[in-house]
Amino acid sequence: MPLVYLVVRATDRGSSTFVDLLVRDRTAELVVRSVELAVAVTAACLVIGIGSAWLVTRTDVAGRRFLRVALGLPLALPSYVAAFSWITLWPDSAGFRGSFVVLVTLSYPYVYLPVLGALRRCDPALEDAARTLGLGRWAVFRRVVLPQLRPAATGGGLLVGLYVLSDYGAVATMRYEVLTHAIYRSYQASFDRTPAAVLACVLAALTLAVLVVEGRLRRRRGPVAAGAAPIRPQPVHALGRWRWPALLLPVGVLTLALGVPAWGLRRWSVRGSSQADPAELWAAAQNSLLVGVVAAAAVMVLAVPVAFLTVRHPGRWAGAAERAAYLGHALPGVVVGLGLVFFGVRFARPWYQELPLLVFGYVVLFLSLGLGAVQASVAQVPPVLEAVARTLGRTAFGAWRSVTLRLILPGVAAGAALVALAAMKELPATLFLRPTGWDSLATGLWGHLQAQSYAAAAPYGVAIVALAAVPTALLLAVGDRRRTEGAAGR
Amino acid sequence: MEEGHTLRTTRLAVLLLGITAALVACGDDDRRDGSGDDDRSIVLYSGRDEELLAPIIERFTEQTGIEVEVRYAGSAELAAQILEEGDRTPADVFYSQEVGAVGALAKADLLDDLPAETVALADTRFRPASGTEWVGVTARARVIVYNPDRLAELGVPVPDEVTDLTDEAYRGEVAIVPGNAGFQAFVTAFRVAEGEDAARRWLVDVLANDADASFEKNGEVLEAVNDGTIAVGLINHYYWARHENRDQLVARLVFPTGDDPGGLVNATAIGVTAGNGDDADALALVDHLLSVEGQETFVRETWEYPVVDGVDDPPGLPPLTELSGPDLDLTDLDSLEETQALLVDVGLIS
């Protein structure tokens, strides 16, 4: 839908304007910068995400239970808050460096969380077998564990890449001129929406290219032969004297990802005399929670069938549905927001500037977050299990519900949590689509920052993180309980 | 059997959900239809922030009994939203941070005329040259902000006007915000007052002088100048004047005088959307903002200049009458597209 809007807007001044705007040196430069940033951040996120997930599930590194939850939290931070802290702390970071650091520290959980889930569902028997066949630890990790993580890691990496392409908060604060930055600037500076729409079309084309390449790679590698085992106790490597030094990685990551923004928020709160109204803060928190949860549920209703379609019955339609989902994630919020304004006011007037359309906006933006997580878990469930259940007399739906659904539940929960977090911190589309007079934590934060009331803004930032910590912690705690149950059952 | 039962339950639940959703939607619809003139409520799209405007609106409601639903967002975003909504917009009134946004809506025929007597309340500098589609509410001056310590260290004099900034002495020491509406209004003023070539030459020269054009916001420029990261910047006066810790600021202001385009005095502006030109409640809001009480509140809270007679200028700043700015009419600032084309051409925006 936003795509149709884009094409309408981009070409409404005739195709020659469209081509003129498209063929500019500057456009090429912007594309190169966007791609560079996306590739660099994705690579770093894969290393950090997989590394830390392995460390907290497969080793006896000190404090791993706490770390497991804490490592997911940076996802809760809005990029503009983190970037603002960074640039205050380290003014020279403006540009590529700063954007890179901020985006990596915020988005590695996109890889970390699904990989964590996948690591728990790996079949340890495979690893045991590999060890008995004489493979070393590293070789086992590389040749046995890593392939099982691949769907989760690629899905996560893709999300990171697309998120980087669409993020505005970090690059704007870091004053790094990339495609999204140029799109926003164009909207803000002029009331002429054509150039911005043309650039957004470029961004959409770029995203499609990424998806096609990713799809090719995935197909070439073939489907992953995953273990049939549900959650089983995983082998834990004793780190010995490395038990404490190994902490450096996660603690370092957390210091950068949470410590710096915490310092920044603290600085805000002591700066100046403005104060947040507790009643407004509380109302905003409730609103954020409400839309977060509803958006997560709505996304899952769509994501689960699409995930099955794409994993079990890949084809043209399934592929198209999947790409459409990912495209939404790569489009900047302002584009999706205005696109839905355009359609909403014309065709869904009763819902215009009401919560249903806002939630719909979140679905467009974040469907891929849920989809990636569900797909990864569906890929790990062999269809044969369902067939077995059916031979045992279950109905088709019954077999699906009692076998497959149960197995993919951790993936569904992880995806839902990701969507809820993203929806709670989303700003640009929310500003366009929210009901008049309705505030979420993100819009409240924005409002106070607009007024330069930093001290009043700080509690909103803290509340977003605190609120987002709940689903993350809950999610990981549920995982732990299942793990122990599994262990006891053995 | 058990499975079939679950399925039926699920279906029932979905059906119920659907009905609820439909009911909610209808309920909303009723409310919206009912928000006509009888229950005296209007919708305002505001590009000005809530902290500033909410108390003023509350006072308006107390005095008139007219409820105002306010939608806060950036002026440019709201203008874009109204352009997308067209004549279906829920907004009755649009209050913009600057003239450009209301000008764009007026051009697209999305604003109705205001009564002539309302527009006449404002100083002639802050209303359209022809027509009455919008009226200025407050005035803001473009200024040069500088860090005296940094300039002293460099052994460079305090600049008087923007043309000084292309001088070698200020190499790498000038901060500008090319994406900002205020900066673009200044460039438009430059173009209109001194011609395309002069404006282009100034932009090219200031860039050749290594000006830092990577800033996003006026506030960031003020912070950078105040920290001594950079010596000079171009901003609006009130960022400095209403700063939370104004007394501790190192940074100082120059109000360029004469006809220097760097001394442009711009305005925040308000208009009523198409079809609401005879909505008494919408017009009452406009009148309230232009009343002595409304204007005094703005001066006190925002440190902007009042546009109506009989209200004092903010203390500690040069009086508005002394700020001439370039010789032009604010309506002439509607050639924003040309300004942007120029900025794209010199490589400042894309």
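What you see below is based on every heavy atom in this structure, not just the backbone, and it leaves out hydrogens, waters and symmetry mates. We name chains A, B, ... by the order of the sequence lines, and we start the count at 1 in each one.
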Work out which heavy atom in B:R71 is nearest to a heavy atom in A:R434; give both atom names and the distance.
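For B:R71 versus A:R434, the nearest heavy atoms are NH1-O, 2.5 Å.
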Return the minimal non-hydrogen interatomic distance between B:Q81 and A:F432, and the atom names on each side.
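That closest heavy-atom pairing would be NE2-O, 2.9 Å.
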CA sep, side-chain torsions, deciding dist, call: A:V341, B:E85, side chain to side chain contact (heavy atoms under 4.5 Å, CB included):
CA-CA 7 Å; A:V341 166; B:E85 291 167 344; 3.8 Å; yes
Does any heavy atom of chain B fall under 4.5 Å from the side chain of [X], the backbone, both, or neither of them?
X: A:P435; answer: backbone
X: A:L179; answer: neither
X: A:W446; answer: side chain

Rounded to the nearest 0.5 Å, how far does [atom2] of [Y] lie from [atom1] of [X]?
X: A:T443; Y: B:Y72; atom1: OG1; atom2: OH; result: 12.0 Å
X: A:D277; Y: B:E51; atom1: CG; atom2: CD; result: 10.5 Å
X: A:W438; Y: B:E69; atom1: CH2; atom2: CD; result: 14.5 Å
X: B:R88; Y: A:R349; atom1: CZ; atom2: CZ; result: 8.5 Å

Relative to chain A, which segment of [X] carries a heavy atom at a distance below 4.5 Å: side chain, backbone, both, or neither?
X: B:F215; answer: both
X: B:E50; answer: side chain
X: B:A213; answer: backbone

